[in-house]
Each structure stands twice: as C-alpha cells, then as structure tokens.
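Numbers for residues simply follow the sequence, beginning at 1.
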Amino acid sequence: FNYGDGIILAGIFIISFITLLLTNSLLTSLRHKQTELEARVSADNELLRESELKLRTIIESVPFDMWLSDKDQRYILQSGESYRMDGNIIGKRPEEQGRPAEIVSQWKADYRRAENGENVYKEGAWEVNGELRDFMTMIAPVRNEDAFLGYVGLNLDITERKKTEKQMQHTADQLAMLNDIGRAITTLGDVDSVLNIIREQVQQILPMDAFIVLLYEPETNIVSFPLVYDHGQNWPEPNREISTDMKSDEVLKTGNTSL
C-alpha cells in the first residue's frame with residue numbers, strides 16, 4: 001500500500017460520500033414533492049367531491065323534471081320531480097323506461113342532435129301516471145374542452161299553459177263568430193241569409209254534416225223550417241204540426257238541450 005493508492009481510495013471515498021449525500025438529498029426532495037402532490041391530489045379530490053355534491057344537491061332540488069346522463073345515455077342524476085314522475089331511472093337508458101317506441105325514437109333523435117353540439121328545444125306529450133301531459137323539453141350536450149361527456153336535459157310541464165291557450169283560442173273563435181254574425185244581422189235584410197251566415201260560422205268551429213233551424217208557433221201548434229242544411233246543400237222542408245214522438249219537437253216545447 002503506497003501513497004498513490006491512498007489518494008485513490010480517498011478520492012473514491014469522497015465521491016461515494018458526495019453521491020450518498022446527493023442521493024439522500026434527491027430522495028428527500030422526491031419525498032417532499034410526493035407529499036405535496038398527494039396533498040394537491042387530495043385537495044383536488046375534495047374539491048371534486050364538493051362540486052359533485054353541490055351539483056347533485058342542485059339537480060335533486062329543482063322543482064321540475066331534470067336529469068343528467070353520460071355519453072352512453074345512461075342516467076346518472078335526476079331531480080326529485082323526475083323521481084316522482086318516473087321513479088328511479090338511475091343507470092337506465094331511455095329505451096328501458098317503458099315508454100312507447102315512437103317516444104323513445106324521438107328521444108334518440110334528440111340525443112343525436114345534442115351530441116352534434118345542438119341545444120334541442122321541442123314540445124311533446126306522453127303519459128305520466130296514466131294522464132297525458134304536455135312538456136317543453138330541452139336537451140344540451142355536456143363537454144369538457146373538446147371531450148363529449150354526456151347530456152343534461154329537462155322536461156317542463158306545460159299542460160296547464162296548453163289548456164289556457166286552447167281556452168283563449170276557443171274564446172277568440174267564439175268572439176270572432178259572434179262578431180261576424182252581428183255584422184251579418186246588421187247588413188243582411190233577409191232571415192235566410194243571416195241563418196246561412198250563422199251556419200257557416202258554427203261549421204268553422206264544429207265540423208258537421210247537418211244544420212237545421214226549427215221555429216215553433218204555440219198559437220197554431222205549427223213547426224216551420226227556416227233552414228235545413230244537409231250534406232252540402234240547403235233543402236226545402238214543409239211546415240207541419242208539432243209531434244210528441246220527435247226529439248226535436250220535445251226540445252222546442254221544453255226548451256231543454258238534448259244530446
């Protein structure tokens with residue numbers, strides 16, 4: 001063992017010692033980074049859980065039929081109103097809800113439109129608890145940057161609004177009919193023309209094959225026919241005595257409606 005060998009061994013020892021120090025420092029740094037990463041992941045997971053809980057709470061609390069489904073069209077969240085109307089649909093697809101085939105086909109077409117980036121708005125009707133209801137439906141795609149994740153949708157019950165619209169339209173039709181009848185009465189001099197105007201207006205609201213007007217004169221016991229319209233044309237009908245066997249004559253005498 002000579003002096004040169006001692007220097008080499010000393011060099012090797014120093015290099016080994018430095019390597020050990022660097023390795024320990026690197027391992028310590030890696031452990032710190034791993035701890036920081038785990039803490040960050042844990043924090044992100046906690047935020048994700050909180051966000052999911054908030055989303056679930058919001059969707060379950062909305063006062064209308066709302067749902068969230070994945071890209072395979074399986075429901076993953078539903079509102080309380082959705083549960084009340086359709087029961088538990090979590091994990092199901094549209095065709096597994098027991099709806100008629102034509103309704104499912106329409107829904108599938110709407111899903112395809114949403115998957116292509118379209119926000120779908122439409123009206124439709126289907127049975128809920130044995131009652132036919134009208135709905136306004138919205139289906140929109142859920143995306144994360146460029147990735148398609150699924151769908152969000154809602155069905156807003158507009159049955160009462162539809163009834164109101166129909167009632168308003170019916171009232172408007174009646175008022176228009178009365179207005180036309182009133183103008184006819186003030187501009188036309190003969191009874192036949194006025195009765196035909198009334199018949200035309202009534203036919204616009206209530207399609208019918210026959211429209212007959214009868215007049216009863218108690219003093220003479222005679223029934224006359226100012227208007228007899230049947231199968232597209234007016235027919236003459238002679239006067240006759242009132243009968244006890246005919247429904248129309250019973251209405252004339254009593255003033256009661258007969259259906």
Measuring only between side-chain heavy atoms, which start at C-beta, is [X] closer than 4.5 Å to [Y]?
| X | Y | answer |
| --- | --- | --- |
| P94 | Y111 | yes |
| Q78 | I90 | yes |
| M85 | F135 | yes |
| T164 | R161 | no |
| R99 | D86 | yes |
| E95 | W107 | no |
| L154 | W67 | no |

Salt bridge present between R112 and E115 (N-O < 4.0 angstrom) = no
Any chance you could measure [X], atom [atom1], to [Y], atom [atom2], to the nearest 0.5 Å?
| X | Y | atom1 | atom2 | result |
| --- | --- | --- | --- | --- |
| D110 | R113 | CG | CZ | 5.5 Å |
| S82 | N88 | OG | CG | 9.0 Å |
| I76 | L68 | CD1 | CG | 4.0 Å |
| D65 | E81 | CG | CD | 7.0 Å |
| M66 | L156 | CE | CG | 12.0 Å |
| I89 | R74 | CD1 | CZ | 12.5 Å |

Is atom CD of E241 surrounded by more than 12 heavy atoms (other residues, nucleotides or ligands) closer than 6.0 Å?
-> no
K108 atom NZ: more than 12 heavy-atom contacts under 6.0 Å |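 Yes, NZ of K108 has more than 12 neighbouring heavy atoms, counting only those of other groups under 6.0 Å.
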Could you state whether [X] and [Y] fall into the same hydrophobic cluster, counting links through intermediate Ile, Leu, Val, Met, Phe, Trp or Tyr residues with side-chain heavy atoms under 4.5 angstrom apart?
| X | Y | value |
| --- | --- | --- |
| V142 | Y121 | yes |
| L215 | V223 | no |
| V128 | V104 | no |

Please name all residues satisfying side-chain hydrogen bond (donor to acceptor under 3.5 Å, both in side chains) with Y83, sequence neighbours left out, ordered by chain then number.
->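 Per chain and number, Y83 pairs via side-chain hydrogen bond (donor to acceptor under 3.5 Å, both in side chains) with no residue.
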Polar side chain donor-acceptor pair, D70 to Y151, under 3.5 angstrom | no
Exercise: do N155 and T137 side chains pair donor with acceptor under 3.5 Å | yes
For residues 147-158, which residue pairs qualify under salt bridge (Lys or Arg N to Asp or Glu O under 4.0 Å), counting only residues two or more places apart or in two chains?
->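 Residue pairs with at least one partner in residues 147-158: R133-D157.
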F225 vs V213, side-chain contact (heavy atoms from CB on, under 4.5 Å): CA-CA, chis, key distance, verdict = CA-CA 6 Å; F225 298 83; V213 178; over 6 Å; no
Taking all atoms of both residues into account, what is the closest heavy-atom pair of [X] and [Y], and its distance?
| X | Y | value |
| --- | --- | --- |
| S224 | P226 | O-CD, 3.5 Å |
| A125 | I103 | O-CD1, 3.8 Å |
| P141 | A114 | CB-O, 3.2 Å |

Sequence neighbours excluded, the answer for salt bridge (Lys or Arg N to Asp or Glu O under 4.0 Å) partners of E160 is K163
Any donor-acceptor pair under 3.5 Å from W235 side chain to D230 backbone =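 Side chain of W235 to backbone of D230: a pair is present.
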